[in-house]
Each structure stands twice: as C-alpha cells, then as structure tokens.
Amino acid sequence: MEIILYVQPNIKGKVVEKRLLEVIHDIGLAANVQILHTTSVAGVFYTPTLIVDNKVVSSGKVLSKQEMTHFFI
C-alpha cells in the first residue's frame, strides 16, 4: 500500500502526521509511507491531504484516528 500525506509545517500538520503513524502502527499495516511537509504542491489545494494508492481520500480536514483507520481496513 502506498500512502502519501501532504501537511504544512504547523501544529495541525504535526497532529495529523502523528495520528497517521499511530494508526499504521496500531493496525500493523505494511505500507510505503511518505510524509511531505510543504506549503505548496501542484494539484493539492488544501492540507492536510491524505492519498492512499494514488487516490485522494481526504483533503483539508484534520482526521481522527478512527476516521483514518477507515481508509486502511
């Protein structure tokens, strides 16, 4: 599974990044994870943006751990 997370280098970005890593660890997911700290990316208009297997599953929302888990099960 390929996971990409675009976040801004602020508190919301840090929270989402931490939650994503916790979810991956908690469910024992084997995945290639890329976390990109950025303020501007072509095609990404809102952050945080979570992409799973080349599909945008969430954009512009600080997801809870439960919401994130839903994308991986």
Side-chain angles (χ1 to χ4, degrees):
M1 181 174 284
E2 180 89 18
I3 300 170
I4 302 171
L5 177 66
Y6 290 103
V7 292
Q8 289 190 9
N10 59 22
I11 191 66
K12 288 181 182 180
K14 291 177 184 179
V15 167
V16 172
E17 178 180 350
K18 182 177 181 232
R19 286 180 186 167
L20 175 63
L21 295 175
E22 288 174 355
V23 165
I24 290 169
H25 178 267
D26 291 350
I27 63 175
L29 185 66
N32 180 20
V33 180
Q34 294 182 49
I35 298 174
L36 304 171
H37 300 99
T38 184
T39 55
S40 173
V41 175
V44 175
F45 295 102
Y46 301 104
T47 57
T49 296
L50 179 60
I51 301 170
V52 178
D53 290 334
N54 295 319
K55 180 180 176 189
V56 175
V57 295
S58 178
S59 183
K61 181 178 180 188
V62 177
L63 299 168
S64 69
K65 286 174 68 174
Q66 183 178 17
E67 290 171 317
M68 282 185 195
T69 302
H70 171 74
F71 298 122
F72 306 120
I73 321 185

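Residue numbers count from 1 along this sequence.
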Counting heavy atoms not belonging to N54, are there more than 12 under 6.0 Å from its CG?
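Check fails, neighbour count at 12 or below.
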
Count the heavy atoms of every other residue, nucleotide or ligand shown that sit under 6.0 Å from NZ of K65, and state whether that count exceeds 12.
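More than 12 heavy atoms, drawn from other residues, nucleotides or ligands, come within 6.0 Å of this atom.
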
For [X] and [Y], which heavy atoms make the closest approach, and how far apart are they?
X   : Y   : value
E17 : L5  : CA-CD2, 3.8 Å
R19 : S64 : NH1-CA, 3.9 Å
S59 : T49 : OG-OG1, 3.2 Å

Pair F72, L20 - check side-chain contact (heavy atoms from CB on, under 4.5 Å), show working.
CA-CA 11 Å; F72 306 120; L20 175 63; 3.8 Å; yes

Please determine which of I4, I3, L21 meets the side-chain contact (heavy atoms from CB on, under 4.5 Å) test together with I35.
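Going through I4, I3, L21 one by one, the side-chain contact (heavy atoms from CB on, under 4.5 Å) with I35 is satisfied by L21 alone.
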
Rounded distance (nearest 0.5 Å) linking atom CZ of F71 with atom NZ of K55
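Separation between the atoms: 9.0 Å.
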
V16 and M68, any side-chain heavy atoms less than 4.5 Å apart:
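A side-chain contact under 4.5 Å exists here.
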
